[in-house]
Amino acid sequence: MGKYEQLAQDIVKEVGGKENVNSLTNCITRLRFKLKDEGKANTDVLKNMDGVVTVMQSGGQYQVVIGNHVPDVRKDVDAVLGLLEEKTDSGPKGNLFDQFVDIISSIFQPILAPLSAAGMLKGVAAILSFALGAEFAATPTYAVVNAMGDGLFLLLPIFIGFTAMKRFGGSPFLGMMIAASMVYTGFIDGSLTSQFAESGGLNFFGIPFSLPAAGYGSSVMPIIASTAFAAFLEKQLRKIIPDVVKLFLVPFFTALITVPLMFIVIGPIMNMASDALGNGLLAIQTFNPIIFGAILGFTWQVLVMFGLHWALIPFAIIALSQGQPTALLTPSGSVSFAQTGAVLAVLLKTKNAKLKELSVPAFISGIFGVTEPAIYGITLPKKKPFWASCVVGAFTGGTAMALGVQAYQMGGLGIFRYTSAISPDGDIKFAIYSMILDAVALVAGFGLAWAIGFKDDEPTIAMSKEEAKGSFAVQKKKVAKQEIFSPITGNILPLSQARDAAFSEGIMGKGVVIEPTVGEVVAPFDGTIMTLFPTKHAIGIISEDGMELLIHIGIDTIQLEGKYFEVFVKQGDTVKKGDKLVRFDIQAIEEEGYSTQVPIIVTNTPDYADIIMTDENEVQQGTLVSTAILAN
């Protein structure tokens, strides 16, 4: 908790407590709560609370106006609230691939930190085994260390069951229950399959089903598909089951229907796809090993995401168990290094502090061959770095097959797989080839991801005035006045006519309102972009002389989540007067039911003795709209 711990606790208490909060976001100056019952909030108490400017209720949001230090207050409020059971908007956004990425990213985001830690622990276990020999690998100490890293991956469906069910609007613990049946011991170790082999195999009331060779442990897509169905089913059941028995009958029937469906339909569909893919890849390998290597290298990470990589692993195991070397998995060997190189490019290129923080453990895990944190948390959401690693994987995969690289035993991942490429007679040629290809993949993955770039979202929370001034080294010049030139063309209204009391009552500072006739915003003076909110509806700019100006496009347009807005700058950019900042669609925003009024506010009003507004009724971009007189 930070310096606003007491304020955060008081705010949560007066909005009705944690149990009354569905979700929380923030914009430049406000905490925006979505409450289950706004009637439970003590609005009068909040308005008179030290540290709270006022309270607004608009657009289904309960808005607690804090001021420019809202990011720091938000952090402490988050700490008080803990994990919210909010309903996440799962509406379609963008094309199918974008929707898929959005779903996968949101599901994995909450578990990225432990996923990265588990990957690093798997690396520690491999290092200890390599350094201390086979005898240590047989000790209880090694078993404990190995379990630390391997346990999460083995039971990954349970973690995903929670986050995926939450993402689809269902009950998270019900998602865990469904996932737990998938990784039930007998289904993972194969004992149930063996037990019923002589009596006709696995079935549910006579309907047969089969399992992947390694069960559903470490799988991703089967549980995501299952929870998507379960969340839908749960909502329908809530509509028809009486309230008096809803508490236990809804999860009962949801699990009773979903789990068998997963084993009988969803899982087997994955198995059939895996078998068809395996046969197809084997046919390609027979036809042309290099083409096989390029295809498998390019698609390997996608196959892993869907659990389809199991199509080839059994064939590799069978070959090795018969004492035959195999090249079936050779093309996948360097892919993790291509992915790791792409992560390194993101780490060094991004300006997003949170993304940098996630990239470090993801890079370390990638060296050990564990790329889930890198894929789900970094490169896949950024798209281009992910495809860059696939392209490099295609090159190294084809090259490895051309060089004839083979494995003589099932080995580790990442840097620990080299021993598997050493022949029984001690020939290390293929191991050396693998090392060289891994180095090439790392460098090429980095270079390609760096070259093609990616959309680098700036930190999602606005900085305080002090942080902005420090970050951009803006020094106030002792000038007598600061002129503001209109950033927008339209009709001028007094600030009192703004359709939001936080602006109309002058709570945020003095300024004007412009009703735009042209949907374009330009820089009102030379300065630095201090804040650019992710939803693109608000820009904070600080002049070379220290004026801090907020340009807020529309009223409550934060709820559009960036739709109908296009930005041309990023946070931290230096701009000149007249530079284009934002374009927005006036008609589309109004058709969505939002006002397009643009309040233009001097947020550090107390620094000025007076702020003189123009007396014109209309204004063009670039014409003088206000003059601020510096206080002595």
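Each residue takes its place number in the sequence, starting with 1.
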For [X], is the [atom1] atom crowded, meaning more than 12 foreign heavy atoms sit under 6.0 Å from it?
| X | atom1 | answer |
| --- | --- | --- |
| L132 | CG | yes |
| F209 | CZ | yes |
| L247 | CG | no |
| F287 | CZ | no |

Would you say the side-chain atoms of [X] pair up with the backbone N or O of [Y], donor to acceptor, closer than 3.5 Å?
| X | Y | value |
| --- | --- | --- |
| K382 | K455 | yes |
| T340 | S336 | yes |
| K246 | R238 | yes |
| K356 | L347 | yes |
| K18 | V80 | no |
| T258 | A255 | no |
| R74 | L24 | yes |
| T163 | I107 | yes |

Measure across [X] and [Y] and return the closest heavy-atom pair with its distance rounded to 0.1 Å.
| X | Y | value |
| --- | --- | --- |
| I284 | I295 | CD1-CD1, 3.9 Å |
| V343 | F363 | CG1-N, 4.0 Å |
| W300 | V335 | CB-CG2, 4.3 Å |
| V405 | A327 | O-CB, 3.7 Å |
| T379 | I375 | OG1-CA, 3.6 Å |
| S434 | R417 | CB-NH2, 3.6 Å |

Kindly compute the distance separating [atom1] ([X]) from [atom2] ([Y]), expressed to the nearest 0.5 Å.
| X | Y | atom1 | atom2 | answer |
| --- | --- | --- | --- | --- |
| I432 | L437 | CD1 | CG | 12.0 Å |
| W450 | K384 | CH2 | NZ | 15.0 Å |
| I290 | F292 | CD1 | CZ | 12.5 Å |
| M221 | I224 | CE | CD1 | 4.5 Å |
| I158 | I178 | CD1 | CD1 | 12.0 Å |
| S23 | L35 | OG | CG | 8.5 Å |

(request) For S334 and V440, run side-chain contact (heavy atoms from CB on, under 4.5 Å): C-alpha distance rounded to whole Å, both residues' side-chain angles, the deciding distance at 0.1 Å, then the answer. (result) CA-CA 9 Å; S334 298; V440 170; over 6 Å; no

(request) Might you work through the side-chain hydrogen bond (donor to acceptor under 3.5 Å, both in side chains) test for T371 and Q301, ending with a clear yes or no? (result) CA-CA 9 Å; T371 55; Q301 295 172 104; 5.1 Å; no

(request) Please find out if less than 6.0 Å separates the ring center of F162 from that of F173. (result)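 Yes, ring centres under 6.0 Å apart.
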
(message) For the aromatic rings, using the six-membered ring if either is Trp, is the centroid distance between F298 and F395 under 6.0 Å?
(response)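 So the answer is no for these two rings.
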
(message) Applying salt bridge (charged side-chain N to carboxylate O under 4.0 Å, His left out), can you list everything that pairs with K429, at least two apart in sequence or on another chain?
(response) none

(message) For K36, give me all partners under salt bridge (charged side-chain N to carboxylate O under 4.0 Å, His left out), at least two apart in sequence or on another chain.
(response) none

(request) Tell me, with the steps shown, if F253 and I241 meet side-chain contact (heavy atoms from CB on, under 4.5 Å). (result) CA-CA 10 Å; F253 283 112; I241 293 179; 4.2 Å; yes

Heavy-atom check, side chain of [X] versus side chain of [Y], under 4.5 Å:
| X | Y | result |
| --- | --- | --- |
| F430 | I422 | no |
| F229 | I257 | yes |
| M176 | M165 | no |
| K349 | F454 | yes |
| L192 | Q195 | yes |
| V77 | F33 | yes |
| L348 | F446 | yes |
| L211 | L202 | yes |

(request) I would like to know whether T326 and Q406 meet side-chain hydrogen bond (donor to acceptor under 3.5 Å, both in side chains); could you show each step before the answer? (result) CA-CA 5 Å; T326 179; Q406 298 182 95; over 6 Å; no

(request) Please assess F337 against T396 for the test side-chain contact (heavy atoms from CB on, under 4.5 Å), listing each intermediate value before the final yes or no. (result) CA-CA 10 Å; F337 288 90; T396 56; over 6 Å; no

(message) So if I apply the ring-ring contact (aromatic ring centres under 6.0 Å, His included) rule between F263 and each of F204, F187, Y184, which one comes out positive?
(response)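 Result for ring-ring contact (aromatic ring centres under 6.0 Å, His included) with F263: F187.
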
(request) Dump the intermediate steps for side-chain contact (heavy atoms from CB on, under 4.5 Å) on Y418 and D438, then the final yes or no. (result) CA-CA 10 Å; Y418 302 137; D438 288 353; 2.7 Å; yes

